[in-house]
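Here is the structure we will look at.
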Amino acid sequence: MSYIEELRWRGMLHDIMPGTDELLAKGKVSGYIGFDPTADSLHIGSLAQIMTLIHFQVAGHKPIALVGGATGIVGDPSGRSDERNMLSEDVLQHNLAGIRKQLEQFLNFDCGENSAEIVNNYDWFKQFSFLDFISDAGKYITVNYMLAKDSVKMRLESGMSFTEFCYQLIQGYDFYYLWKNKGVLLQMGGSDQWGNIVTGTELIRRKDGGEAFALTTQLIRKADGTKFGKSMGGNIWLDANKTSPYKFYQYWLNASDEDAKNFIKIFTLKTKEEIDTLIAEHEAEPHLRKLQKALADDITVRVHSKEDLQKAIDASNILFGQSTTEQLNALTEQDILDIFEGVPMFETSKEVIENSDIVSLLAEHTQIFPSKGEARKNIEANAVSINKEKVALATKIVSNQLLRGKFLIAQKGKKNYFLIKAV
RNA sequence: GGGCAAGUAGCCAAGUGGCCAACGGCAACAGACUGUAAAUCUGUCCUCUUCGGAGUUCGGUGGUUCGAAUCCACCCUUGCCCA
């Protein structure tokens, strides 16, 4: 199966420049995707782009990941309605290092001809003077052409700085540079990148009469229309310190049926046959959620590790299974610490736990709720549990409820856990 | 520099002297139902609260008024048009 066919059946392909298929059929091609260094970790949105590169490499081509040291300074206006904040030099360096490390985990950097490579566009932009840039790159692209881009048009009413306006030209020049110096013929990216990518192919054509190609992937959407990759107000990061493997696992496990069918094609390397089988099995017994489990297992192992996956599964079984107070009591201290690794933990004294009412315990003595009113509201809404049992406003905690003599498990809703430790 | 328009809660957006902590929608959080889904229904959604209330909001600063998101002045920001 060709690279294009692979992306197509997985539902990843969005748009492709004519001739790209033929180019790839001829032999090894170098292609790249740019990654945005706005944080020190990639999130699962960028994971889709990494998958695009992995398939590219599997198909025998040479994947290059460009980390945007220079473009990060400028800021991509695509899909944004407002001007973005500039990143300072050291934040940027820190972010680049984090991202580089993650990329290295997914691509093969030592397989001869088509080994992956990471480049940083700051390397060629740092000694590029403004005058050189506007005469060397700017001369070939008209303002009219740049203004016609959606990313610019959308901002014509609300305003856009010159800096962001130039973004497409800078990204375009990246493509030109890689084409010229590294023989890169293809740039890939999310569908929102089409305009930026095409500026690159245009620059290559006008400046050197060369030919280069573009390919974009589908924007990932959830069936309910909400943003992909966000949960509890935050991004799902690949970095275990930012999103614990447990939470990471849970995110995928919680995917809706419809989403899981799409996600498994995009985020795993399972074959069409394997996936078709899984989907069939899932449809026969949807309540078993085999599809979500297969999806969550596969991604968690590849992003984190087998051990992390096992821990996440164990924790999930205890937290979401039919576990009772007795079972919680059977856990050793180490079990508890393992399961709740990464959940917020609060320390307070035994006296406080025994002597305060439930509201002040949860709001004042621990910071599970930001205020008493908030704690009260949630308790009244029947949203709070201690050791898996719902509490009411009148509930009193007594010392024999402490697991192993020192822990209380507090829960807000089904999925938010907190550990209270008596010291 | 001149003219015109706009700025309201996380976002969109109504309100144009008292009935305004401010309609509605989205997002978010929780509950019910389920499969730790989705869809649906319900509740919460400026802050604090002893749940009776209290305090701080409508770009900013002053002013008019018993009373201002609403009127006035100046300023700031953004867009459009002209120079």
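What you are looking at is a predicted structure, and each value in this text was computed from that prediction instead of being measured. Worth knowing before you read on, the calculation uses all heavy atoms, side chains too, and leaves out hydrogens, waters and symmetry mates. Throughout, a chain's letter reflects where its sequence line sits, starting with A, and its residues are numbered from 1.
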Return the nucleotide paired to [N]: Watson-Crick means purine N1 to pyrimidine N3 with N6-O4 or O6-N4, wobble means G-U with N1-O2 and O6-N3, both under 3.5 Å.
{"N": "B:C20", "answer": "none"}
{"N": "B:U8", "answer": "B:G15"}
{"N": "B:C29", "answer": "B:G43"}
{"N": "B:C74", "answer": "B:G60"}
{"N": "B:C51", "answer": "none"}
{"N": "B:C80", "answer": "B:G3"}

>> Would you say the ring centers of A:F340 and A:Y246 fall short of 6.0 Å from each other?
In response: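 Between A:F340 and A:Y246, the centre distance exceeds or equals 6.0 Å.
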
> Aromatic ring centroids of A:F125 and A:Y177 under 6.0 Å?
Replying inline: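 Distance test on ring centres: not under 6.0 Å, no.
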
Pick the [atom1] atom in [N] and in [M], then give their distance to the nearest Å.
{"N": "B:C76", "M": "B:C23", "atom1": "P", "value": "33 Å"}
{"N": "B:C82", "M": "B:C72", "atom1": "P", "value": "28 Å"}
{"N": "B:U61", "M": "B:G52", "atom1": "P", "value": "35 Å"}
{"N": "B:U42", "M": "B:C26", "atom1": "P", "value": "12 Å"}
{"N": "B:G1", "M": "B:C11", "atom1": "C1'", "value": "36 Å"}
{"N": "B:G43", "M": "B:G25", "atom1": "P", "value": "12 Å"}
{"N": "B:U36", "M": "B:A22", "atom1": "P", "value": "39 Å"}
{"N": "B:G55", "M": "B:A68", "atom1": "P", "value": "15 Å"}

>> Quick check on RNA chain B: between A:N378 and A:L253, whose nearest nucleotide comes earlier from the 5' end?
In response: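 Result of the comparison: A:N378.
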
> With nearest nucleotides of RNA chain B determined for A:R289 and A:V359 from heavy-atom distances, which residue corresponds to the more 5′ nucleotide?
Replying inline: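 It is A:R289, whose closest nucleotide lies nearer the 5' terminus.
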
Check every atom of [options] against the side chain of [X] and return the nucleotide holding the closest atom.
{"X": "A:A383", "options": "B:U49, B:U50, B:A30", "value": "B:A30"}
{"X": "A:K415", "options": "B:U50, B:G35, B:U36", "value": "B:U36"}
{"X": "A:N254", "options": "B:G31, B:U36, B:G35", "value": "B:U36"}
{"X": "A:P286", "options": "B:U36, B:A37, B:G35", "value": "B:G35"}
{"X": "A:F320", "options": "B:A30, B:U50, B:U36", "value": "B:U36"}
{"X": "A:K377", "options": "B:U36, B:U49, B:G31", "value": "B:U49"}
{"X": "A:A381", "options": "B:U50, B:A30, B:A37", "value": "B:A30"}
{"X": "A:N416", "options": "B:C29, B:A37, B:U36", "value": "B:C29"}
{"X": "A:D257", "options": "B:G31, B:A37, B:U36", "value": "B:A37"}
{"X": "A:R376", "options": "B:U49, B:C29, B:U50", "value": "B:U50"}

Rounded to the nearest angstrom, tell me the gap between atom [atom1] in [X] and atom [atom2] in [N].
{"X": "A:K222", "N": "B:A39", "atom1": "NZ", "atom2": "C1'", "result": "14 Å"}
{"X": "A:I379", "N": "B:U49", "atom1": "CD1", "atom2": "P", "result": "13 Å"}
{"X": "A:K412", "N": "B:G43", "atom1": "NZ", "atom2": "C1'", "result": "14 Å"}
{"X": "A:L362", "N": "B:U49", "atom1": "CG", "atom2": "C1'", "result": "17 Å"}
{"X": "A:H287", "N": "B:A38", "atom1": "NE2", "atom2": "C1'", "result": "17 Å"}
{"X": "A:Y417", "N": "B:C29", "atom1": "OH", "atom2": "C1'", "result": "17 Å"}
{"X": "A:E285", "N": "B:U34", "atom1": "CD", "atom2": "C1'", "result": "17 Å"}
{"X": "A:F369", "N": "B:U44", "atom1": "CZ", "atom2": "C1'", "result": "13 Å"}

What does [X] touch in the nucleic acid at a heavy-atom separation under 4.0 angstrom: a base, only the sugar-phosphate, or nothing?
{"X": "A:Q250", "result": "base"}
{"X": "A:A260", "result": "nothing"}
{"X": "A:E374", "result": "nothing"}
{"X": "A:K290", "result": "nothing"}

Any sub-3.5 Å donor-acceptor pair from [X]'s side-chain atoms to [Y]'s backbone N or O?
{"X": "A:Q193", "Y": "A:M188", "value": "no"}
{"X": "A:D40", "Y": "A:N95", "value": "no"}
{"X": "A:T216", "Y": "A:D15", "value": "yes"}
{"X": "A:N254", "Y": "A:Q250", "value": "yes"}

> Do the side-chain N or O atoms of A:S316 get closer than 4.0 angstrom to the phosphate oxygens (OP1, OP2) of B:U36?
Replying inline: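 Result: no.
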
> Do the side chain of A:K414 and the base of B:U34 come within less than 3.5 angstrom through a donor-acceptor pair of N or O atoms?
Replying inline: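 When only heavy-atom distances are counted, A:K414 does reach the base of B:U34 through a donor-acceptor pair under 3.5 Å.
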
> How about A:N196 and A:T199: does a side-chain donor come under 3.5 Å of a side-chain acceptor?
Replying inline: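 The answer is no; no qualifying pair exists.
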
> Is the base of B:G52 syn or anti, if syn means a glycosidic angle within 90° of 0?
Replying inline: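 Syn, since the glycosidic angle lies within 90° of 0.
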
> Is any side-chain heavy atom of A:S360 less than 4.5 Å from a side-chain heavy atom of A:K372?
Replying inline: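 The answer is yes, as the side chains (C-beta and beyond) meet within the 4.5 Å cut-off.
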
> How far apart are the C-alpha atoms of A:E333 and A:K421, what are their side-chain angles, what is the distance that settles it, and do they pass the salt bridge (charged side-chain N to carboxylate O under 4.0 Å, His left out) test?
Replying inline: CA-CA 11 Å; A:E333 183 171 343; A:K421 186 179 180 190; 5.3 Å; no

